[in-house]
Amino acid sequence: MNNQEIAKLLRSVATALTLKKASIFQIRAYETASDAIEHSTSEVRDLWQEKRLDEIPGVGVSLQAHLEELFKTGSVKHFEQLKKDFPKVVFELIDIPGVGPKTALELAKLGVKSFEDLKLKINSGELVKKGFSAKIAEKISLGLKETQNRTGRMLLPFADAKAQKIVDYLKKIPGVVAADSLGSLRRQVVTIGDLDFAAASKNPKQTIDQFVKMPEVKRIIDQGENRGTVILDSGLQIDLLVGQPDTYGALLQHFTGSKHHNIKLRSFAEKKNLSLSEYGVKNTKTNKVVPILKESELYEMLGMQTPPPEIREDNGEIEAALAHKLPSLVELKDIKGDFHLHSNFPMVHPSHGPGANSIEEIIKRAINLRYDYVGISDHPPGFRTTSEKELLSILHKRTKEIEQLKSSYQKSIRVLNGLEIDILSDGTLSVPNEVLANLDYSIAGVHSVHRMEKDKMTKRILKALENPEVDILAHPTGRLLNERDSYDVDWEVIFEFAAKKNKIMEINAFPNRLDLRDDLVRLALKFKAKFIVNTDAHEISQMENMKYGISVARRGWLESKDVVNSWDWKRVLKWFKIKKS
DNA sequence: GCCGTTTTCGGCCCGACTGTTTTCAGTCG
């Protein structure tokens, strides 16, 4: 069962509780947990196996037991008991935007059996005849269409590009003095559902009026005095809040979220007789609202540091900020090199896809990025299709070329000779150790037989890491966003070993990988493991993806000291025990 | 059902928009 399905199940339970008129707080607890799971960057099933369910904000003792039952038996008796009093279709209908528990139950009582059936009953006018107002029927009809062409979650580069266009549009609206993209994009969550924006203007209504006229707007969901929601032709939902310029900081804070961060923060503020909202900070005794120009002022009023947006997930950042012990997170500008880069060097029968550019082109781009060092890590020829003799001859040629480039560019950058090799299903490597010993470093990764029992996969990776020639574990979990889940691995075992034996965990910055995942980065950090942020670029323009890997590192609470490729050359040299430099 | 910088009991973020409400319910972020 994946996160989407679990979130949906918990939403169903909240719906059943709502219809049973249960305590609003119990209902809210289920909604909160559902929301947390839907937006979790790690699979809840993985967390369960790692005994880390308690790390999900809003999941307490009771829900942990229910989830345990769910994973073990496939269902939860208590949930089924609650849901059985209502037609199943109710729990489907609540997926339609604008349809909540009450409306869904009313529809079910009118005999609606499915989405298809609902569509028929709206079109035939039956719904209106049976007492629904025409406007509500129209709203449901539009919501239904949306449900059917809903887009999946976007990868960061796509969301970035789209958001930038919208910010540009907003900034051109007369009276707008500032505009920013917020929400999950500002927090750099690995996939983005919808886009949230804030703008500052003395004339919010005019701004909203212009916003809903934006090109590509297919439908206006709401349009108020200071907020608007639209759906674009692509199905993407865009939310905008407009605030007064003198309290824009409060708006930024409010709409950056996460929801859980804000709830925790506001509960805390309440104890200090302060009430936080997008309009500023209100003293609940005097009812006076203090405007907040800069976001940091709001946190200062609460006596805490300002947590960077990437860690505002209610994962301990509020406690750390109160104690003035927030980490000083690694930044893009700290990065001094990239170790995972693929060139088009002819490998005859490469084991996996080669890069598009020459080694020299990669070096030039790295110089352009002001790196101090750069590592080339092509896939070697496939071990099944190439004899060892051929392999040695090809790699010898490649080493010669790299050595030449090393000396030609030595004044500008240090070049390292590496390879990305396969961890075979038994944990051995696709290239003999004698070859690896002649390299500056090697990256090992699982590239085949992705589905394996947890115990076997753990042993497989461990065995590869035990090889003294392996320096870096590439894209450790193997997940591909929107495509493939993480491998089942006992991560604590891997991280403990890695920390002890100086094996580096890669944070692969490729936008559909972003692997190691942020929650596992945080776990590995507890074991004091070291990390490297690499782009895995197969084309020099992809070397710009470094920023996405840095976002993951930041979401995992990493500081520069934890990230090997933010270190200076001397320290890198020492770490990899490179003799020639 | 969750949770702890007044609490292991007794609270639980804050606000907007729509429809059709003449004071509010339902839904959403």
Side-chain angles (χ1 to χ4, degrees), chain A residues 10-11 13-15 17-19 22-36 38-39 54 56-67 78-79 82 93-106 132-140 142-143 182-184 193-198 204 208 212 220-229 237-243 250-251 253-282 284 289 302-304 314 318-324:
Chain A
L10 295 180
R11 244 190 337 268
V13 176
T15 297
L17 288 169
T18 305
L19 296 173
S23 137
I24 181 68
F25 299 109
Q26 189 182 17
I27 295 165
R28 218 172 269 168
Y30 273 95
E31 282 170 348
T32 304
S34 167
D35 190 73
E38 184 165 19
H39 295 101
D54 60 334
I56 309 169
V59 173
V61 178
S62 182
L63 276 172
Q64 282 175 52
H66 290 323
L67 289 175
H78 179 55
F79 293 174
L82 287 168
L93 293 172
I94 54 166
D95 278 350
I96 302 170
V99 176
K102 311 261 163 103
T103 314
L105 184 60
E106 262 186 75
F132 270 80
S133 81
K135 268 195 172 167
I136 289 185
E138 170 70 5
K139 201 177 158 180
I140 296 173
L142 288 168
L182 304 174
S184 52
D194 52 22
L195 295 177
D196 299 317
F197 298 88
I208 296 294
V212 300
I220 300 167
I221 303 274
D222 3 270
Q223 178 177 4
E225 294 292 315
N226 60 1
R227 67 176 54 199
T229 298
Q237 179 171 323
I238 316 284
D239 293 321
L240 172 68
L241 291 185
V242 187
L251 184 53
Q253 197 288 322
H254 166 74
F255 218 22
T256 296
S258 66
K259 189 169 151 187
H260 300 94
H261 174 85
N262 283 355
I263 289 175
K264 174 77 81 71
L265 201 65
R266 288 169 180 193
S267 305
F268 174 73
E270 208 184 13
K271 288 163 199 154
K272 297 197 152 196
N273 296 315
L274 297 172
S275 172
L276 312 181
S277 76
E278 59 265 49
Y279 301 108
V281 176
K282 185 167 73 183
T284 50
V289 177
L302 297 171
M304 61 175 79
D314 187 19
I318 291 176
E319 293 80 355
L322 278 166
H324 288 262

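Order of the sequence lines fixes the chain letters, A, B, ..., with proteins taken first and strands second; residue numbering starts at 1 for each chain. Computed over heavy atoms, backbone and side chain alike; hydrogens, waters and symmetry mates excluded.
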TODO: Please round to the nearest 0.5 Å and tell me the distance separating atom NZ of A/K259 and atom CG of A/D35.
DONE: 4.0 Å
- [ ] Evaluate the side-chain proximity of A/M304 to A/L265: yes if any heavy-atom separation is below 4.5 Å, no if none is.
- [x] yes
Task: Residue list, side chain to side chain contact (heavy atoms under 4.5 Å, CB included) with A/D194, at least two apart or on another chain - done: A/D196, A/Q237, A/D239
TODO: Return no unless some side-chain N or O of A/S267 is found under 4.0 Å from OP1 or OP2 of B/dC12.
DONE: no
Open item on the list: Regarding A/T229, tell me which of base, sugar-phosphate or nothing describes its non-hydrogen contacts under 4.0 Å with the strands shown.
Closed with: nothing
Open item on the list: For B/dC13 and A/R28 - does any side-chain N or O of the residue sit under 4.0 Å from the phosphate oxygens OP1/OP2?
Closed with: yes
- [ ] Assign a letter to each nucleotide of nucleotides 22-28 of chain B from its 5' end: B, base within under 4.0 Å of a protein heavy atom; S, sugar-phosphate only; -, no contact.
- [x] ----SSS
Task: Euclidean distance, atom CG of residue A/L240 to atom P of B/dA16 [Å, nearest integer] - done: 15 Å
Open item on the list: At 4.0 Å (heavy atoms only), tell me whether A/L276 reaches a base, stays on the sugar-phosphate, or touches nothing.
Closed with: sugar-phosphate
- [ ] Report the nucleotide, chosen from B/dA16, B/dC14, B/dG29, that has the shortest atom-to-atom distance to any side-chain atom of A/F255.
- [x] B/dG29
TODO: In whole angstrom, give me the gap between the P atoms of B/dT18 and B/dC13.
DONE: 25 Å
Task: Interatomic distance where CD belongs to A/E270 and P belongs to B/dC3 [whole Å] - done: 17 Å
- [ ] Using the C1' atoms only, state how far B/dG15 lies from B/dG10, rounded to an integer number of Å.
- [x] 25 Å
- [ ] Rounded to whole angstrom, note down the P distance from B/dC9 over to B/dC14.
- [x] 25 Å
TODO: Identify, with sequence neighbours excluded, every residue that meets side chain to side chain contact (heavy atoms under 4.5 Å, CB included) alongside A/T18.
DONE: A/I27, A/P101, A/K102
- [ ] Round to a whole Å and report the spacing from CD1 of A/I24 to P of B/dG11.
- [x] 17 Å
- [ ] Figure out the CG/C1' separation between A/L302 and B/dC13, and round it to whole Å.
- [x] 13 Å
TODO: Nearest whole angstrom, please: distance from the P of B/dT7 to the CZ of A/F268.
DONE: 14 Å
TODO: Starting from the 5' end of DNA chain B, give me the residue, A/D239 or A/A134, whose nearest nucleotide shows up first.
DONE: A/A134
TODO: For nucleotides B/dA16 and B/dG11, find the distance between their P atoms and express it as a whole number of Å.
DONE: 26 Å
Task: Nucleotide nearest A/D222 when distance is taken to its side chain, options B/dC12, B/dG19, B/dT18 - done: B/dT18
Open item on the list: Tell me whether the side-chain N/O atoms of A/N262 come closer than 4.0 Å to OP1 or OP2 in B/dG15.
Closed with: no
TODO: Look at the side-chain N and O atoms of A/H78 and state whether any lies under 4.0 Å from the OP1 or OP2 oxygen of B/dG1.
DONE: yes
TODO: Look at all strands and tell whether A/T32 reaches a base, only sugar-phosphate, or nothing, counting heavy atoms closer than 4.0 Å.
DONE: nothing
Task: Comparing A/I136 and A/Q64 on DNA chain B - which has the more 5′ nearest nucleotide - done: A/Q64
Open item on the list: Using the C1' atom as the point on both nucleotides, what is the distance between B/dT21 and B/dT27, in whole Å?
Closed with: 16 Å
Task: Separation of B/dT6 P from A/N273 CG (nearest whole Å) - done: 11 Å
Task: Gap between atom CG of A/L322 and atom CG of A/L302 - 0.5 Å precision - done: 8.0 Å
Task: Among B/dG1, B/dA16, B/dT7, the one nearest A/K271 by side-chain distance - done: B/dT7
- [ ] Counting heavy atoms from C-beta on, name the nucleotide in B/dC12, B/dC13, B/dT20 closest to the side chain of A/F25.
- [x] B/dC12
TODO: Both distances under 3.5 Å, Watson-Crick or G-U wobble: report the partner of B/dG4, or none.
DONE: B/dC9
TODO: State which of B/dG1, B/dG29, B/dC17 makes the closest approach to the side chain of A/E225.
DONE: B/dC17
- [ ] Indicate yes or no: at least one non-hydrogen side-chain atom of A/I96 is less than 4.5 angstrom from one of A/L93.
- [x] yes
Open item on the list: If I pick the P atom on B/dG1 and the same atom on B/dT6, what distance separates them, to the nearest angstrom?
Closed with: 27 Å
- [ ] Using the test side chain to side chain contact (heavy atoms under 4.5 Å, CB included), find all partners of A/S34 that sit at least two apart in sequence or belong to another chain.
- [x] A/A7, A/L10, A/R11
- [ ] Measure from the side-chain heavy atoms of A/L63 and tell me the nearest of B/dC13, B/dC14, B/dG1.
- [x] B/dG1
TODO: Send over the distance from A/L265 CG to B/dG15 P, rounded to a whole Å.
DONE: 14 Å
Task: Nucleotide nearest A/Q26 (side chain, heavy atoms from C-beta), chosen from B/dT20, B/dC13, B/dG1 - done: B/dG1
Open item on the list: Of the options B/dC13, B/dA16, B/dT20, whose atoms approach the side-chain atoms of A/Y279 most closely?
Closed with: B/dA16
Open item on the list: Could you tell me how far apart A/H260 (NE2) and B/dC13 (P) are, to the nearest whole angstrom?
Closed with: 11 Å
Task: Pairwise side-chain hydrogen bond (donor to acceptor under 3.5 Å, both in side chains) hits with a residue in residues 263-274 of chain A, at least two apart - done: A/H254-A/R266, A/K264-A/D314, A/K264-A/E319
- [ ] Scan for salt bridge (charged side-chain N to carboxylate O under 4.0 Å, His left out) pairs involving residues 22-31 of chain A, sequence neighbours excluded, and state none if there are none.
- [x] none
- [ ] Return the orientation label for the A/H66 and A/H78 ring planes: parallel under 30°, perpendicular over 60°, tilted otherwise.
- [x] parallel
TODO: If the glycosidic angle is within 90 degrees of 0 it's syn, otherwise anti, so just tell me which one B/dT7 is.
DONE: syn
Open item on the list: Taking B/dT7 as the reference, what is the distance to B/dC2 when you measure between their C1' atoms (whole Å, please)?
Closed with: 14 Å
